[in-house]
Amino acid sequence: MKAAVLVFPGSNCDRDCKTAIETSVKGKVEMVWHQETELPSGLDLIVIPGGFSYGDYLRCGAMAAQSPVMAAVRREAERGVSVLGICNGFQILCESGLLPGALLRNSGLKYVCKPIELTIENRATRFTNAYGDKQTVWMTQGNGDGNFFADAESLKAIEDNEQVVFRYVENPNGSMNNIAGIINRAGNVLGMMPHPDRAFEAALGSADGAPMFKSLVDAVVA
Amino acid sequence: MRAMTTVTAPAPQKPEKSMAQKAADYGLKADEYAVILDRLGREPNDVELGVFSVMWSEHCSYKSSRLHLRKFPVTGPRVICGPGENAGVIDIDDGQACIFKMESHNHPSFIEPYQGAATGVGGIMRDVFTMGARPVALLNALRFGEPGHLKTRRLVEGVVSGIGGYGNCVGVPTVAGETNFHSGYNGNILVNAMCVGLADADKIFYSAAPEPGLPVVYFGSKTGRDGIHGATMASVEFSEDSEEKRPTVQVGDPFAEKLLIEATLELMASGAVAAIQDMGAAGLTSSSVEMAGKGGLGIILDLDKVPQRETHMTAYEMMLSESQERMLAILKPGREEDGYRIFKKWGLDAAVIGETNTTGRIVLMHHGEVVCDLPLSPLSDDAPLYDRPWVEPAQEPVLPLADVPVANVGDALIRIMACPDMASKRWLWEQYDRHVMADTLSDSSTGHDAGMVRVHGTRKALAVTSDCTPRYVKANPYEGGKQAVAEAWRNLTAVGAEPIAITDNLNFGNPEKPEIMGQIVRAIDGMAEACRELAFPVVSGNVSLYNETNGIAIPPTPTVGAVGLLKDYDKRIGYNKVRLGQVILLVGETRGEMGSTLYLREVFGLEIGAPPKVDLESEKANGVLVRRLIRTGVARGVHDLSDGGLLCAAAEMALASGVGLELKNPSDLDDHVYAFAEDQARYLVAVDEAAAHLVIAQAAEAEVPISVVGVATGSDLIFAGLCVSLATLRETNESWLPAYMSGKA
Amino acid sequence: MKAPPLKAKVHVFLKPGVLDVQGKAVEGALHGLGWDGVANVRVGKLLEFDLDGSDPEAAKGELTAMCEKLLANTVIESYKVEVA
Amino acid sequence: MKAPPLKAKVHVFLKPGVLDVQGKAVEGALHGLGWDGVANVRVGKLLEFDLDGSDPEAAKGELTAMCEKLLANTVIESYKVEVA
Ligand SMILES: Nc1ncnc2c1ncn2[C@@H]1O[C@H](COP(=O)(O)OP(=O)(O)O)[C@@H](O)[C@H]1O
Ligand SMILES: [Mg+2]
């Protein structure tokens with residue numbers, strides 16, 4: 001698998017994503033600076049990593065969404081390339097309109113870092129195929145703005161189209177409908193708050209993130 | 001640039017004070033000022049006086065403690081660089097090095113808890129990456145006033161969100177720490193932050209300027225009027241009028257820090273850096289003076305070139321500003337362009353602001369005039385060094401067991417597990433990103449005695465901990481100093497790591513008082529003794545004195561931050577995986593040390609009695625045995641015994657593992673003594689039933705006291721008529737802090 | 001000589017349907033301190049800056065563009081612009 | 001019937017000279033998007049709420065007390081209050 005991990009000023013999970021892909025599926029990973037206007041050719045996956053792009057000042061992900069590289073991501077996404085946004089990456093995807101909704105301040109108003117249990121709501125995506133019959137998985141999460149919001153109409157559409165991929169078993173932040181991760185209508189852009197990139201081997205407390213990368217590899221082969 | 005010899009004083013400020021008066025205002029003593037006059041052969045001007053006052057402040061010169069800090073052992077087979085640089089450096093094999101240090105931000109955090117704590121974290125990270133290391137772990141040791149005190153809740157709220165706000169954004173996991181509450185900190189809280197980084201052992205960067213004629217580059221954020229006189233503020237007592245003296249608060253920008261880390265490491269990798277130094281306390285002054293001074297050179301700076309955030313800044317303000325996220329580097333000849341390319345990429349302000357030379361002087365130009373021209377050597381060589389008078393500090397007498405009041409063991413357990421010092425700090429550490437960098441093996445939440453992070457891409461891991469038991473140090477500074485070191489050593493041992501070296505943060509009151517100076521001297525004696533015996537050298541540290549308000553000093557708090565190495569992280573252990581049927585062994589001797597225990601304080605409100613004696617021989621022998629049990633895979637769970645003694649350690653083990661423990665008292669001691677004595681050098685070790693006799697034999701052979709104290713069974717904690725469910729215990733331990741923070745406790 | 005810049009003000013606030021958790025927390029805290037008469041607290045952002053130009057109307061157009069592009073997330077936020 | 005509440009506005013902003021990290025970042029982003037004419041961006045908070053009472057002057061006093069006690073961090077922030 002050939003993947004690109006985007007790097008914005010303030011990204012801090014860029015290396016984690018690279019390691020996760022290399023470790024779990026031996027993928028080839030290129031780091032791409034936010035000023036680039038083109039992405040490498042032949043990508044199977046674009047990862048928008050977690051962190052605090054531009055300090056998360058103003059609004060999480062707002063300034064990163066305006067970066068030159070995001071125009072290229074939009075083009076690739078339209079061509080059907082897989083795009084995975086984790087944490088700040090999810091916020092950037094929402095801010096750039098590639099995913100519906102927005103992420104608000106956590107209802108407790110605090111940054112929350114903890115292992116969290118998720119139900120896999122939709123196993124029929126290229127990101128979740130390899131989870132098999134697994135009902136729930138553990139990953140950790142760490143964010144201050146993970147409270148998913150969409151207006152009534154969008155939320156209904158998200159649910160009706162089975163775009164919810166992960167839900168929290170116990171809601172940590174006030175997210176509507178316990179939403180932890182959603183996918184776009186076309187099924188190639190996924191955003192999620194929990195970190196598969198911190199759960200790719202047992203030593204880290206959970207390896208439940210690894211099947212996500214395996215799914216993507218399977219999707220490439222298929 | 002060329003140094004000129006005439007010195008033009010900056011425009012006089014309105015009601016002109018005499019220089020001697022100003023010197024006093026800046027915190028210089030009359031005899032210190034006399035030395036300045038003597039060395040210069042003339043009166044200093046404002047800028048020069050400012051430079052002297054910060055360089056000779058307690059914070060920068062260590063004038064009260066330097067003499068005693070020399071007692072610390074600072075060398076060892078793994079020490080690459082001991083105290084004296086920005087941080088200590090140790091060898092962790094395979095050409096890799098670990099760089100770490102701890103530092104206080106006590107005064108700023110009391111004034112503005114969020115920014116004070118945040119900038120404390122930022123400052124300590126800069127000390128570490130300045131030497132070429134990528135920061136990989138953060139710790140913090142916090143001491144707050146009593147929960148009922150008016151300011152405490154707001155301070156906890158602010159400090160914790162400041163630490164999280166900064167570390168989380170930069171993207172370095174906060175993996176361990178400690179938090180105490182005591183009325184002794186009502187007027188002066190302690191915020192000690194530690195940073196641990198990784199570097200290649202042959203790519204360590206130092207601050208000494210290597211040769212003349214090299215460009216001096218400033219990069220990072222712009223300079224504003226932040227925290228002017230912060231270093232001298234950190235060297236005076238608080239009083240009623242501190243509010244007025246209060247400097248403009250420094251505001252941290254963690255985003256800028258993240259960019260600064262990446263740019264600094266990239267600049268270093270490019271080969272352009274000849275020497276480098278962060279701008280910490282006393283900013284541009286201490287960084288330029290130290291770089292030139294350590295190199296035996298001179299330096300000239302043109303302050304007009306300094307990137308400035310505010311208009312009309314004076315030379316004095318620029319030299320004393322403590323604006324955050326700034327660095328000073330000396331580049332190799334002709335490498336300015338490399339620098340500018342990297343700074344531009346990361347969006348940082350940068351400028352060549354000066355040059356090294358051979359004059360042995362620091363010369364500052366502003367608006368085309370020389371505003372400061374000082375010889376460098378007096379700034380460091382003639383810095384005051386005090387052998388302050390001290391008296392042997394008062395010591396709590398040994399408390400005979402017969403005088404220890406008796407409580408119901410179950411009631412006492414609940415009281416202690418729920419008390420502010422023992423209660424779970426989940427509310428706090430859930431606000432810290434503990435997993436970023438994807439190498440965290442253990443952290444505050446996992447049930448280990450130390451935080452552990454992998455050395456990226458290897459089988460190795462670093463174990464880190466921070467420890468001090470101020471009530472012991474107060475009761476007996478010498479034993480308490482020893483204990484802080486021993487507990488840190490024990491915590492590293494208990495996860496299976498080889499303890500390597502420590503950093504320290506010596507927090508005390510006013511050293512001009514002989515009783516306080518006595519605490520400092522004796523605590524250092526005790527620490528040094530323990531470091532020597534345990535082959536645990538001190539490689540970096542920080543001293544914070546004058547932690548007093550209206551004449552009341554904090555409890556003496558010499559915090560120890562320690563680092564250990566695991567060669568194979570699969571051999572790590574915690575107390576979170578004890579399984580039903582396993583046997584619980586107690587390693588170490590229980591004589592019944594009840595003085596200065598949590599039992600006395602929490603159940604009876606008594607803060608009396610000599611603290612537990614630290615026997616370094618047994619500490620070593622017991623630790624070596626425990627490490628062997630871990631290495632050979634026999635130990636299935638290990639927890640050191642500290643606050644609250646055996647029963648509290650057992651309770652923590654049961655909670656972390658989710659299994660019940662049935663314990664007995666195999667000794668002649670009364671149950672309440674056996675349960676809550678805080679004898680040192682002890683561990684609880686869980687082993688498979690079949691292995692127990694073997695382990696006991698091994699211990700006997702090593703002449704280490706060991707006894708069977710229980711077995712893992714059911715879902716209750718059982719001891720001497722006490723039976724409490726894990727659910728109740730958990731509720732007891734978890735509820736205090738969140739309830740307190742929401743105003744309900 | 002350069003003309004003095006215009007003074008821009010941009011007020012960004014959550015749309016009525018979006019739960020303002022910060023506002024709610026402030027309200028709770030104010031009640032806790034005894035200010036019971038406080039209700040419907042909303043917390044918004046106020047950005048102030050200098051803007052080159054001399055035509056306030058044109059400037060307003062620019063500000064609106066800035067809001068649409070960056071300063072506000074119109075999924076959840078509304079904005080008002082002002083130039084003096 | 002109850003009188004309609006007063007409308008309170010509280011503007012909390014960093015004191016001059018205090019580094020405004022948000023403002024700095026927003027300014028950088030706006031420049032990056034081509035709005036070079038923007039300078040001195042400062043980001044503040046604007047709180048709006050209903051307040052029981054009928055005397056705007058008395059209400060202003062209350063608001064000031066709220067700011068001193070809770071709404072502003074007076075070590076680094078200033079505030080302005082308004083009642084309508
Ligand atoms: N300020 C803090 N920051 C991070 N972790 C903390 C803090 N305070 C306490 N902890 C964590 O809570 C746990 C219990 O703390 P403590 O009782 O002091 O540990 P010990 O006595 O084993 O050294 C440890 O994992 C510690 O790292
Ligand atoms: Mg311990």
Side-chain angles (χ1 to χ4, degrees), chain A residues 6-14 32-38 48-75 85 87-89 91-98 102-111 143-145 147, chain D residues 5-52 59 62-82:
Chain A
L6 308 188
V7 185
F8 299 95
S11 294
N12 64 28
C13 303
D14 40 337
V32 178
W33 187 236
H34 68 119
Q35 294 286 6
E36 299 294 334
T37 51
E38 293 291 333
I48 311 182
F52 288 70
S53 55
Y54 296 91
D56 272 357
Y57 300 140
L58 189 64
R59 272 189 331 279
C60 302
M63 295 187 238
Q66 302 296 332
S67 288
V69 77
M70 284 309 292
V73 170
R74 185 183 304 277
R75 285 195 304 273
C87 197
N88 197 222
Q91 294 160 342
I92 294 169
L93 287 172
C94 290
E95 280 283 343
S96 52
L98 284 162
L103 292 141
L104 303 173
R105 279 290 279 284
N106 289 343
S107 53
L109 289 173
K110 295 204 180 322
Y111 185 99
N143 62 66
D145 302 72
N147 177 352
Chain D
L6 298 166
K7 297 281 173 197
K9 271 193 197 181
V10 176
H11 178 202
V12 180
F13 50 96
L14 287 170
K15 289 182 179 170
V18 176
L19 172 68
D20 181 350
V21 296
Q22 295 215 59
K24 195 170 93 171
V26 170
E27 186 166 319
L30 287 173
H31 290 174
L33 292 171
W35 279 293
D36 299 315
V38 170
N40 300 321
V41 180
R42 307 286 289 176
V43 180
K45 262 190 301 211
L46 189 62
L47 293 97
E48 299 176 293
F49 49 90
D50 297 342
L51 187 59
D52 280 351
E62 288 299 296
L63 290 178
T64 303
M66 292 178 201
C67 287
E68 289 288 331
K69 191 124 192 158
L70 179 77
L71 302 179
N73 173 357
T74 51
V75 178
I76 51 175
E77 293 173 329
S78 299
Y79 55 87
K80 280 184 220 144
V81 303
E82 221 178 282

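Each chain gets a letter, A, B and so on, in the order the sequences are listed, and its residues count up from 1. Just so we're clear, the structure is a prediction, and the values are computed from it rather than from any experiment.
Contact annotation for D/V43: neither backbone nor side-chain heavy atoms come within less than 4.5 Å of a heavy atom of chain A.
Minimum interatomic distance between A/M63 and D/A29 (heavy atoms only, all atoms of both residues): SD-CB, 3.3 Å.
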Which donor-acceptor pairs fall under 3.5 Å between chain A and chain D:
{"residue": "A/L58", "atom": "N", "partner": "D/Q22", "partner atom": "OE1", "Å": "2.9"}

